Amino acid sequence: MFKRKTKGEAVFDLFNNFGMLIVCFITIYPIWYVLVNAFNEGQDAMRGGIYWWPRVFSLENFEAVFQSSGIMTAMGVTVAKTVIGVVVHVLFTAMVAYAFSRRGLIFGKFYILMGTVTLFFGGGLIPTYLLIRDLNMLDSFMVYIIPAMFSFFDLIIFMTFFRDIPDGLEEAARIDGANDWSIFFRVVLPVSMPVVATIALFHGVYQWNDYFTGVIYINNADLQPIQTYLYKVVAQSSSNQMMAQVPGGVAKTVTSQSIKLATMVVTTLPIVFVYPFLQRYFVKGMMIGSIKG
Amino acid sequence: MQNTPQAGALPDISIDPAAKPGPSPEDKRQARKQWLKKLYSQRHLQIMALLGVAWMFVFNYIPMYGIIIAFKEFNIIKSISEAPWVGLDHFREFFSNDDFAVVMKNTLGISLLKLFIGFPLPIIFALFLNEVRSVRYKRTIQTISYLPHFLSWVILGGILITWLSDVGVINKLLLTLNLINEPITYLAEPQYFWGIVIASDIWKELGWSAIIYLAAIASVSPEMYEAATIDGAGRFQKMWYITLPSIKATISILFILAIGGVLNSNFDQILVLRNPLNESASNVIDIFVYHTGLQNGRYSYAQAVALFKSVIAIILLLIANRVTKKLNDTSLF
């Protein structure tokens, strides 16, 4: 539609665009601040005043991070729990969702009711802790995987998608003699990649960012993920422990603060990298979820 | 591929005894046979479904049963069923304890501030973002605005703790601007804690929470705006009289959900930002439950507090649902 901007409109646009610019700046700047300080020499950074660009550029903080056995072990745990957690969560939740989504499933309504109840009621922290303890999952890697392998909320998103798959695909496979397992793995999953990616990315972010599981269920330092490690450093100010693990060779200019920032950057980077891919899917996933939820 | 003749397409026979006039025992047996046949034909599906059901039973329903320890004196060496009943003792203890007032004040204070400031801001942000003309600029802003949502509270807490320390960026800025005369260690002073929690929560979630409103706004018919333009409506008038009423339903639903979650004062966030110095402002129900229950081992007492919280949350949800239903015919259930 053709229209000419009035003076008032132009002023509005100017202020609005400017306001948005400020919002963006406030959002992004604290992250930028961590980045430039992590790339600055630690001793020098103690003087402060590094706001836009590293003053004395240095990779020593990152060297220290990568040589610290504690940090690397924790990174390994995080990578392992994220990869294994995502695969198990997606396959298991999708499989149950496939079964629940079939028309004519005997007891199907009851199963779905049983799941819906869990959206509104739960045991909470203490009973869950007692359960995990009774299952002998304290101080075990499995505590990251098994209690997180299923989510009824994600199941609803899968189910919504599976119901829209044309029946013809499944029937063709059935005529070829496929049973439900092979239909699920060879027909349903491959055509559901958009929703699989959505759930995988969401769960991946959850697994990557979750620190609390490590705080309450894990005592063994070799089993704690990087977020739990950082939590202990950040919230309980035990940065000295961080320094203690840095081998003598590199630690000349590195400070506990600079190594902390570098660890934060290393921990955040993977999220920032998957973010563009994430973005393509999550809006849709969130919409489905919110309509149903 | 191992296969049985029955395992072909799911037989689409719905068993409806009422449809047959007066089912004889023979018919019943027939129906039963059919039902078993159908069950057998979908046995693979049933196995898949039951695996999920079993998981839900263990990880959702057993903890629900565990709630009863709130009425018992649970001891970690014995099982839940062996623990002696104590009735409402734990609840009485909590209500008569000094902690009760502090914990309630902090939980409600932080939650209500979040509700009254944190809830409308994403709506306002979405309304104004929608007015940005350049599609590319709009998309860029959106992308940037929801980045913090994907970072963990540990990272954001780390940034905050650095910024708010006595030598941090905030103090430097305020000192330069002569707004303060000497540095303040913000996280050590209880009076700043609520503000820090609210501001950082808004910072993290503003863009993300706006997504759903933007999606709702995108579905408003452009004809309405055109008609309004012809009638001489300005940008603010269009926002107020067209956009806002069009997304009223979305706002109501999210408001009900927000009320239901009012007592969830964002555990992840507060656990990172709290410290012994700001405890009088940072001790909220969830933190209290974590400390008394898991750290001090008073499982039953902590569970009573948690249960109290859940009950209040459900009542609030029902009230909010009722009110919004009356006001504008939208409700969650």
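What you see below is based on every heavy atom in this structure, not just the backbone, and it leaves out hydrogens, waters and symmetry mates. Only a predicted model underlies this, so the values are computations on that prediction, with no experimental measurement involved. Residue numbers start from 1 in every chain, and the chains themselves are labelled A, B, ... in the order their sequence lines are given, proteins ahead of strands.
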Note: B:R43-A:D180 ion pair, threshold 4.0 Å (strictly below): no
Take atom CD in B:E223; do more than 12 heavy atoms of anything else shown fall under 6.0 Å from it? no
Most contacts with chain B, counted as non-hydrogen pairs under 4.5 angstrom, among A:T228, A:L130, A:V215: A:L130
Below 4.5 Å from any heavy atom of chain A, which atoms of B:I62 appear? Answer side chain, backbone, both or neither. side chain
Using non-hydrogen atoms and a 4.5 Å limit, figure out which bit of B:I161 sits close to chain A: side chain, backbone, both or neither. side chain
Using non-hydrogen atoms and a 4.5 Å limit, figure out which bit of B:Y290 sits close to chain A: side chain, backbone, both or neither. both
With a 6.0 Å cut-off on ring centres, are A:Y33 and B:W163 close enough? yes
Tell me the closest heavy-atom pair linking B:I155 and A:M264, and the distance in Å. O-CE, 3.4 Å
I need the contact set between residues 50-60 of chain B and chain A: heavy-atom distance under 4.5 Å, sorted by residue number. B:L50, B:L51, B:G52, B:V53, B:W55, B:M56, B:F57, B:V58, B:F59, B:N60
Quick one: closest heavy-atom pair of A:G123 and B:I67, and the distance? O-CG1, 3.9 Å
Check the pair A:I126 / B:F74 against side chain to side chain contact (heavy atoms under 4.5 Å, CB included), numbers first and verdict last. CA-CA 11 Å; A:I126 309 266; B:F74 175 73; over 6 Å; no
Could you walk me through whether B:L129 and A:M20 pass the side chain to side chain contact (heavy atoms under 4.5 Å, CB included) check? CA-CA 7 Å; B:L129 185 57; A:M20 288 297 158; 3.9 Å; yes
d(A:F121 CZ, B:S310 OG) to nearest 0.5 Å is 9.5 Å
Check each atom of A:I132 against the heavy atoms of chain B and say whether the ones under 4.5 Å are side chain, backbone, both or neither. side chain
Side chains of A:E9 and B:R235: does their closest heavy-atom pair fall under 4.5 Å? yes
A:L155, part contacting chain B, at a heavy-atom distance under 4.5 Å: neither
Are the side chains of A:P127 and B:Y299 in touch, meaning some heavy atoms are under 4.5 Å apart? no
Heavy atoms only: give me the nearest B:K38-A:G104 pair and the separation to one decimal. CE-O, 3.2 Å
Just checking A:R133: does its CZ atom have more than 12 heavy atoms from other residues, nucleotides or ligands closer to it than 6.0 angstrom? yes
So, the part of A:T128 with a heavy atom under 4.5 Å from chain B: the answer is both
Ignoring hydrogens and geometry, is there a side-chain-to-backbone donor-acceptor pair from A:N16 to B:F128 under 3.5 Å? yes
Okay, A:I26 and chain B: the region with an atom under 4.5 Å from a heavy atom over there is both
Who in residues 206-213 of chain A is close to chain B, using a strict under-4.5 Å heavy-atom cut-off? A:N209, A:Y211, A:F212
Exercise: identify the closest heavy-atom pair between B:A49 and A:A99: N-CB, 3.7 Å
Pairs of heavy atoms under 4.5 Å with chain B: top-ranked of A:T267, A:D134, A:T93, A:V117: A:V117
Determine the minimum heavy-atom distance between B:M64 and A:G122, stating which atoms define it. CG-C, 4.1 Å
In short, A:C24 meets B:I144 closest at the heavy-atom pair O-CG2, 4.0 Å
Heavy-atom contact with chain B under 4.5 Å, split by part of A:I106: both
Could you tell me whether the side chain of B:V132 reaches within less than 4.5 Å of the side chain of A:N17, counting heavy atoms only? yes
Hey, what do you get for OG (B:S152) to CG (A:L230), rounding to the nearest 0.5 Å? 7.5 Å
Could you go step by step and tell me if A:I183 and B:H44 meet the side chain to side chain contact (heavy atoms under 4.5 Å, CB included) rule? CA-CA 11 Å; A:I183 289 172; B:H44 296 301; over 6 Å; no
Chain B contact via A:F150 - which portion, at a heavy-atom distance below 4.5 Å: both
Show, in sequence, the C-alpha distance, side-chain angles and deciding distance for B:F150 and A:V272, and conclude whether the side chain to side chain contact (heavy atoms under 4.5 Å, CB included) test is met. CA-CA 8 Å; B:F150 291 99; A:V272 176; over 6 Å; no
